[in-house]
2 protein chains.
Amino acid sequence: MSILDVSGGRVKVTTTIRQVAAAAGVSLATASRALSGSPAVVESTRKRVQQAADDLDYNPSRLGRSLVTGSTGNIGLIFPDISNPFYTQFLAELESVVAARDIGILIGDAHEDSHREASLLRQMVTQVDSLVLVSSRMTDAQITAAAVRLPVVLANRRLAPGSIVPELLSQIVIDVEPGFSAAVDHLYALGHRRLTYLDGPARSWSAREKRASLTRACARLGVDLSIVPVEKPDFESGRQVARHLDPNTTVVVAFNDQVALGVLSTCRDRGIVVPVNMSVVGCDDSLPIGLAWPALTTIDSSSRSLGALAAQAVLNPAVHRTGSVPTRLVVRESTGPARPSMV
Amino acid sequence: MSILDVSGGRVKVTTTIRQVAAAAGVSLATASRALSGSPAVVESTRKRVQQAADDLDYNPSRLGRSLVTGSTGNIGLIFPDISNPFYTQFLAELESVVAARDIGILIGDAHEDSHREASLLRQMVTQVDSLVLVSSRMTDAQITAAAVRLPVVLANRRLAPGSIVPELLSQIVIDVEPGFSAAVDHLYALGHRRLTYLDGPARSWSAREKRASLTRACARLGVDLSIVPVEKPDFESGRQVARHLDPNTTVVVAFNDQVALGVLSTCRDRGIVVPVNMSVVGCDDSLPIGLAWPALTTIDSSSRSLGALAAQAVLNPAVHRTGSVPTRLVVRESTGPARPSMV
DNA sequence: TTGTAAGCGTTATCAG
DNA sequence: CTGATAACGCTTACAA
């Protein structure tokens with residue numbers, strides 16, 4: 001009694017619970033109960049139904065189930081750029097914990113565009129149980145509106161304090177303050193009195209946070225800070241921007257490790273020796289050890305940890321309303337003392 | 001007349017097409033037609049319905065729609081390891097083309113495990129229109145079974161020629177032959193007569209392909225080939241394995257660029273100068289230029305191109321039954337002449 | 001312990 | 001052109 005439906009040269013055989021019930025000689029309801037392990041079904045019939053299901057290679061339709069139960073077993077994940085390892089690692093970590101719970105993951109790449117992000121959100125909202133927005137570029141209002149409809153975990157972004165319903169969503173952030181503060185201390189101790197910051201995306205919350213922390217730390221110690229925008233926070237842009245730096249630059253702090261790597265690459269090309277003639281500090285510690293050469297001094301702000309926290313928030317929205325990943329400075333070989341003439 | 005459903009402190013407001021219809025004073029059916037742009041509805045009512053939908057912020061449920069139409073608007077994507085840039089880039093490319101068609105993407109990381117892969121497949125099969133299996137570790141039989149149920153695009157893998165229903169699925173592969181052949185020619189011309197290959201995952205089809213191509217090319221020229229297994233095709237494993245190479249090794253060809261980078265890193269640590277004392281060849285060309293130092297001679301086999309082809313196969317399953325991405329050797333600075341004593 | 005029937009949100013088939 | 005009504009596959013009261 002299988003439904004045969006020829007489409008595109010393919011014979012579509014989908015076993016429904018109806019067929020299982022028929023094969024086992026029970027009603028629809030009993031089949032459903034038996035398969036979902038309800039206690040209100042005697043072992044003998046339960047076996048029989050299971051047998052029929054196995055024989056027919058029955059696979060319950062998530063669609064049908066979702067429609068009636070109101071929960072889909074999927075979560076949605078939206079980030080600004082899947083090519084960026086920061087997000088890939090976040091994703092990898094999140095995946096490994098939610099997949100263990102048999103939860104499906106719908107992903108969307110907003111390409112740094114808030115319109116695209118909103119459109120992805122619309123697409124997902126009817127087929128996921130909750131939504132993880134990573135480094136969202138949408139407005140507070142848009143995010144809040146989404147959070148009214150379904151549980152939202154906001155990662156690497158925090159709503160303005162005045163927001164109306166902060167209780168509705170979880171906010172997981174990286175606390176960049178200690179790391180950036182320590183970085184400036186470190187550079188100051190090495191004798192540096194001025195530094196150049198290669199800034200992140202204009203619309204990014206975390207970019208603003210990093211800039212603010214750095215600005216505070218520099219002000220505190222009287223270090224001269226110049227901020228240079230970078231088109232895209234990736235290796236190539238870092239490489240480009242490094243070519244046009246003020247020739248007197250001796251210290252570069254980068255928005256992330258990718259950009260820092262780009263700077264290292266340009267330095268190598270130009271015979272500028274790191275850390276003798278130039279000190280470089282990255283951020284994220286997203287790179288395997290040994291990839292950067294010389295080894296990169298960086299502000300550890302693991303996106304994996306962020307992913308792990310976000311995963312907890314997804315699984316237990318009631319508890320993990322807020323969380324933050326601490327940062328710390330990891331000193332390696334890309335920072336060195338200021339040359340006497342520069343002090 | 002909105003359905004209010006308090007759950008977890010959240011007021012769940014979902015507008016259904018029923019409410020839109022009521023608000024516009026038309027029947028369910030008319031509302032559906034109006035919103036889906038059916039010609040069989042007069043402009044005046046059509047406007048009215050649209051207005052009501054906008055007012056109520058109506059967002060059609062993909063679940064309900066899918067159930068009745070039989071198509072979900074989603075595709076599923078399963079690969080062995082999301083941390084691997086090869087797959088990330090594949091994903092990025094695929095995403096950018098299918099997302100433009102407003103198609104959702106469900107991803108699954110099989111963690112190199114065929115059981116996990118099969119389980120992901122079961123989860124997805126009822127909620128996607130077609131499936132992309134990248135570097136699948138499942139058996140031909142399992143893959144074929146899946147292809148009977150729904151359109152499958154097999155990427156970076158090819159079924160054994162004897163397979164019963166090869167017409168049922170699309171197969172997109174990388175043709176490694178020309179690239180590896182050229183690499184051996186190149187090394188031979190530089191005077192090398194022996195080389196070491198750092199092999200990929202045992203269960204991987206593409207790893208077997210690469211090994212076979214290399215073996216053929218070496219046999220053709222009478223080059224001595226020794227094959228060394230690598231635990232995982234990543235930077236760290238490459239770094240490890242390079243530490244335990246035969247000290248006489250002068251040429252290393254790696255399964256992918258990540259492993260090759262690891263080798264470069266170890267060489268740097270040990271003062272082995274590339275390409276003077278050691279020649280290194282990667283595969284994939286997945287790295288931004290400048291990341292590797294010295295610049296890596298590699299076999300270009302772009303995973304982005306693979307993703308683009310897979311995307312076409314997904315969108316047009318009838319036409320793109322098969323496709324292959326050509327490879328070629330890109331000579332940079334990590335390969336050099338054999339030292340006279342070695343010839 | 002099992003069966004009947006309602007309904008999740010939508011589209012599609014019929015009549016009108 | 002529009003409106004009832006029947007699906008789609010499933011779970012879950014409510015009855016038996």
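Computed from a predicted structure; not experimentally measured. Note on naming: letters A, B, ... go to the chains in the order of the sequence lines (proteins, then strands), and numbering restarts at 1 for each one.
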- Message: Please give me every residue in residues 41-49 of chain A whose heavy atoms get under 4.0 Å of an atom in DNA chain C, ordered by residue number.
- Response: A:V41, A:V42, A:T45

- Item | Side-chain H-bond candidate by donor/acceptor type, A:D54 with A:Q50, under 3.5 Å | yes

- Query: Under 3.5 Å, is there a donor-acceptor pair linking the side chains of B:S66 and B:Q127?
  - Reply: no

- Side-chain contact check for B:S27: nearest option of C:dG3, C:dC8, D:dA4 is D:dA4

- Message: With salt bridge (Lys or Arg N to Asp or Glu O under 4.0 Å) as the criterion, how do B:D129 and B:R62 come out once you've worked through the C-alpha distance, each side chain's angles and the decisive distance to 0.1 Å?
- Response: CA-CA 13 Å; B:D129 294 336; B:R62 282 212 163 191; over 6 Å; no

- What's the shortest heavy-atom distance between A:T322 and A:I172, and which atoms? C-CD1, 4.4 Å

- Task: To the nearest Å, give me how far apart CG (B:L35) and C1' (C:dG9) are.
- Result: 13 Å

- Is there a side-chain contact between A:M138 and A:L121 (heavy atoms, below 4.5 Å)? yes

- Under 3.5 Å, is there a donor-acceptor pair linking the side chains of B:S36 and B:S38? no

- Item | Nearest heavy atoms of A:D81 and A:E112, plus distance in Å | CB-OE2, 4.3 Å

- Indicate yes or no: does B:D140 engage B:R157 in a salt bridge with an N to O separation below 4.0 Å. yes

- Atom CG of B:L67 to atom P of C:dG9: distance rounded to whole Å? 12 Å

Distances for protein N/O vs nucleotides 10-14 of chain D N/O pairs under 3.5 angstrom?
unit_1	atom_1	unit_2	atom_2	d
D:dC10	OP1	A:Y58	OH	2.6
D:dC10	OP1	A:S61	N	2.9
D:dC10	OP2	A:I17	N	2.5
D:dT11	OP1	A:R65	NE	3.4
D:dT11	OP2	A:S32	OG	3.0

